[in-house]
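Notes for the one structure printed next.
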Amino acid sequence: MSTVELTADNFDQTVTDNEFVLIDFWASWCGPCRQFAPVFEKASEKHSDITFTKVDTEAEQQLAAAFDIRSIPTLAVIRDKTLIYSQPGALPEAALEDLIRQAREVDMDEVRKAAAAQEAEQA
């Protein structure tokens, strides 16, 4: 599956319609972003059950700001509409595959319980 260009207009729909979304925050002038792009694209072809998306931080500054992007490339993982990972840096193929494996293993019920407990504490 090829990557989807993520924008402020299609963000909510994309995250709602897909339970596992990887987001690559990038810009055309960014050398490490250009180096990471083929690695990200190759992974998208290997994992058809995951929605791979890209956010052009120049064109989508509001979306980049919402994720507090300060360095690119930054990779974010959303599962069940919950951000479970966000880290700057271009990953080599093996590291990206390991991240995908770890993200698959996350117990989302535990994540939701922890989030609910944290919200209850803050209330």
Side-chain angles (χ1 to χ4, degrees):
M1 178 180 175
S2 62
T3 57
V4 175
E5 193 65 36
L6 204 56
T7 66
D9 291 337
N10 70 1
F11 177 82
D12 288 339
Q13 188 75 45
T14 301
V15 170
T16 299
D17 290 352
N18 300 282
E19 65 181 53
F20 197 145
V21 180
L22 262 88
I23 307 172
D24 174 20
F25 290 91
W26 68 285
S28 60
W29 51 262
C30 166
C33 297
R34 289 194 306 272
Q35 289 176 320
F36 179 61
V39 173
F40 192 73
E41 192 68 34
K42 185 175 179 183
S44 77
E45 292 165 7
K46 199 185 291 189
H47 301 278
S48 59
D49 61 320
I50 300 173
T51 302
F52 285 75
T53 65
K54 296 178 83 63
V55 173
D56 179 346
T57 57
E58 293 291 304
E60 297 295 329
Q61 293 180 12
Q62 189 176 8
L63 201 49
F67 277 82
D68 199 27
I69 302 301
R70 301 194 184 289
S71 178
I72 53 174
T74 290
L75 188 64
V77 179
I78 297 176
R79 284 212 31 220
D80 299 337
K81 298 180 254 183
T82 303
L83 179 67
I84 62 169
Y85 176 89
S86 182
Q87 191 81 32
L91 297 176
E93 184 177 348
L96 178 57
E97 288 298 325
D98 188 51
L99 172 65
I100 290 169
R101 179 190 57 75
Q102 290 180 50
R104 286 186 192 282
E105 293 173 358
V106 169
D107 182 340
M108 291 309 293
D109 289 334
E110 287 298 318
V111 170
R112 282 187 282 277
K113 279 184 201 170
Q118 189 174 15
E119 282 181 28
E121 273 181 28
Q122 292 173 352

query: Is the shortest distance from a Lys or Arg side-chain nitrogen in Asp56 or Lys54 to a carboxylate oxygen in the other one below 4.0 Å?
result: no
field: Pair Glu93-Lys42, side-chain contact (heavy atoms from CB on, under 4.5 Å): steps then yes or no
entry: CA-CA 9 Å; Glu93 184 177 348; Lys42 185 175 179 183; 3.2 Å; yes
statement: Interatomic distance, CD1@Ile69 vs CZ@Phe25, rounded to 0.5 Å, equals 4.5 Å
message: Salt bridge check, Arg104 against Asp49: does any charged N sit closer than 4.0 Å to a carboxylate O?
response: yes
- request: Measure the CD1-CE distance between Ile84 and Met108 for me, rounded to the nearest 0.5 Å.
  value: 5.5 Å
From Arg112 atom CZ to Asp109 atom CG, the distance as rounded to the nearest 0.5 Å: 5.0 Å
task: Mark yes when over 12 heavy atoms from residues, nucleotides or ligands other than Glu58 sit less than 6.0 Å from its CD; otherwise mark no.
output: yes
query: What is the minimum heavy-atom distance between Asp68 and Arg70, and which atoms define it?
result: OD1-NH2, 3.1 Å
Lys/Arg-Asp/Glu bridge criterion (N-O < 4.0 Å) met for Lys81, Glu19: no
field: Ile100 and His47, any side-chain heavy atoms less than 4.5 Å apart
entry: yes
field: Shortest non-hydrogen separation from Pro73 to Pro32 and the atoms involved
entry: CD-CB, 3.8 Å
Gap separating the CG atom of Asp24 from the OG1 atom of Thr3, nearest 0.5 angstrom: 8.5 Å
- request: Walk me through it: do Leu83 and Val77 pass the test side-chain contact (heavy atoms from CB on, under 4.5 Å)?
  value: CA-CA 6 Å; Leu83 179 67; Val77 179; 5.9 Å; no
- prompt: Would Ile50 end up clustered with Ile78 when hydrophobic side chains under 4.5 Å apart are linked, directly or stepwise?
  reply: no
- request: Apply the test side-chain contact (heavy atoms from CB on, under 4.5 Å) to residues Asp80 and Phe20: give CA-CA distance (whole Å), side-chain angles for both, the deciding distance (0.1 Å), then the verdict.
  value: CA-CA 7 Å; Asp80 299 337; Phe20 197 145; over 6 Å; no
- request: Output, in order, the C-alpha distance, side-chain angles, deciding distance and verdict of side-chain contact (heavy atoms from CB on, under 4.5 Å) for Leu96 and Leu75.
  value: CA-CA 10 Å; Leu96 178 57; Leu75 188 64; 3.6 Å; yes
message: For a 4.5 angstrom cut-off between non-hydrogen side-chain atoms, does Phe36 reach Pro38?
response: no
- request: Kindly compute the distance separating OG1 (Thr57) from CD (Gln62), expressed to the nearest 0.5 Å.
  value: 14.0 Å
query: Taking side chain as C-beta onward, heavy atoms only, is Phe52 less than 4.5 Å from Phe40?
result: yes
- request: Among Thr53, Val55, Val21, Ile23, find the residue that satisfies the side chain to side chain contact (heavy atoms under 4.5 Å, CB included) test when tested with Phe11.
  value: Ile23
Flag, side chain of Thr16 to backbone of Gln13, donor-acceptor distance under 3.5 Å: no
- prompt: Who passes side chain to side chain donor-acceptor pair (under 3.5 Å) against Arg101, sequence neighbours left out?
  reply: Asp98, Glu105
query: Looking only at heavy atoms, what is the nearest atom pair of Ala27 and Ile72, with distance?
result: CB-CD1, 3.5 Å
message: Nearest 0.5 Å, please: how far is CD in Glu97 from CG in Leu91?
response: 11.0 Å
- request: Using modelled atom types only, decide if a donor and an acceptor are shared between the side chain of Asn18 and the backbone of Val15 within a distance under 3.5 Å.
  value: no
